[in-house]
Amino acid sequence: ETGVTQTPRHLVMGMTNKKSLKCEQHLGHNAMYWYKQSAKKPLELMFVYNFKEQTENNSVPSRFSPECPNSSHLFLHLHTLQPEDSALYLCASSQDGGRNTEAFFGQGTRLTVV
Amino acid sequence: GQQVMQIPQYQHVQEGEDFTTYCNSSTTLSNIQWYKQRPGGHPVFLIQLVKSGEVKKQKRLTFQFGEAKKNSSLHITATQTTDVGTYFCAGPLRFTSGTYKYIFGTGTRLKVLA
């Protein structure tokens with residue numbers, strides 16, 4: 001148990017579906033992140049929220065839409081995805097967006113787009 | 001842009017043998033972090049190095065930060081089956097907003113044969 005919980009753990013969706021990934025952290029952190037982990041690529045940062053404000057969008061396609069209603073919750077809304085979007089999506093949190101803070105990762109959502 | 005490369009990509013060792021993974025950055029880093037991801041799991045923070053030439057030990061694991069702060073290494077002495085997993089290094093990159101993101105290395109996947 002890392003203090004960062006992601007749901008669902010597994011998700012299969014069609015290319016025309018709309019779904020959402022949820023992340024919740026119980027660590028009192030102020031920064032939250034979405035990462036994508038594909039089989040043959042390093043961890044790719046998608047979005048960063050610091051004190052509920054989106055500070056960075058790492059050139060992510062608009063079919064991925066993040067939402068951060070408060071500092072404990074982070075969502076990733078998905079629509080009209082492509083098969084190449086199949087990957088492990090990891091949420092992480094850290095104390096703040098500084099450079100000396102470690103990231104705590106959730107267990108991830110394994111997404112398959114069919 | 002900043003890149004963080006790791007070698008080797010894969011390593012198979014017999015239990016009891018030593019293992020080393022190397023991390024190289026295209027730019028000077030203010031610090032470097034190491035994470036371990038077990039098969040089917042999520043990245044877990046191991047350690048952070050900050051000072052030039054710094055060496056830190058955690059039981060059988062020895063972490064080193066290069067003098068020029070552009071490279072780092074993780075050495076495991078007498079590997080055990082519990083060491084199986086992928087080891088990532090990560091270095092910070094500062095956004096214009098002032099927040100930081102960590103660029104993860106490509107990872108080294110370690111398999112330990114009993």
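Please read all numbers here as calculations on a predicted model, not as lab measurements.
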- Okay, side chain of A/E102, backbone of B/Q33: is any donor-acceptor separation there less than 3.5 Å? no
- Message: A side-chain contact here means heavy atoms from C-beta on lying under 4.5 Å apart; do B/Y35 and A/F105 qualify?
- Response: yes
- Message: So for B/Q9, is it side chain, backbone, both, or neither that comes closer than 4.5 Å to the heavy atoms of chain A?
- Response: neither
- Examine whether an atom of B/Y102 lies under 4.5 Å from a heavy atom of chain A, and if so say whether it belongs to the side chain, the backbone or both; otherwise answer neither. both
- Task: Look at atom NZ of B/K56 and say whether more than 12 heavy atoms of other residues, nucleotides or ligands are closer to it than 6.0 Å.
- Result: yes
- Task: Counting only heavy atoms closer than 4.5 Å, note whether A/L90 contacts chain B via side chain, backbone, both or neither.
- Result: side chain
- With chain A as the partner chain, list the residues of residues 58-68 of chain B whose heavy atoms fall under 4.5 Å from it, by residue number, and write 'none' if nothing qualifies. none
- Side chain, backbone, both or neither: which part of A/T101 has a heavy atom under 4.5 Å from chain B? backbone
- Message: Under a 4.5 Å cutoff for heavy-atom pairs, which residue among B/G91, B/P43, B/G40, B/S30 has the most contacts with chain A?
- Response: B/P43
- For the ring pair B/F104 and A/Y35, is the centre-to-centre distance below 6.0 Å? yes
- How many angstroms lie between atom CD1 of B/I103 and atom CG of A/L45, to the nearest 0.5 angstrom? 7.5 Å
- Answer yes or no: is there a side-chain heavy-atom contact under 4.5 Å between B/Q37 and A/Q37? yes
- Note on the structure: Between B/G105 and A/P42 the two heavy atoms that sit nearest each other are O-CB, 3.5 Å
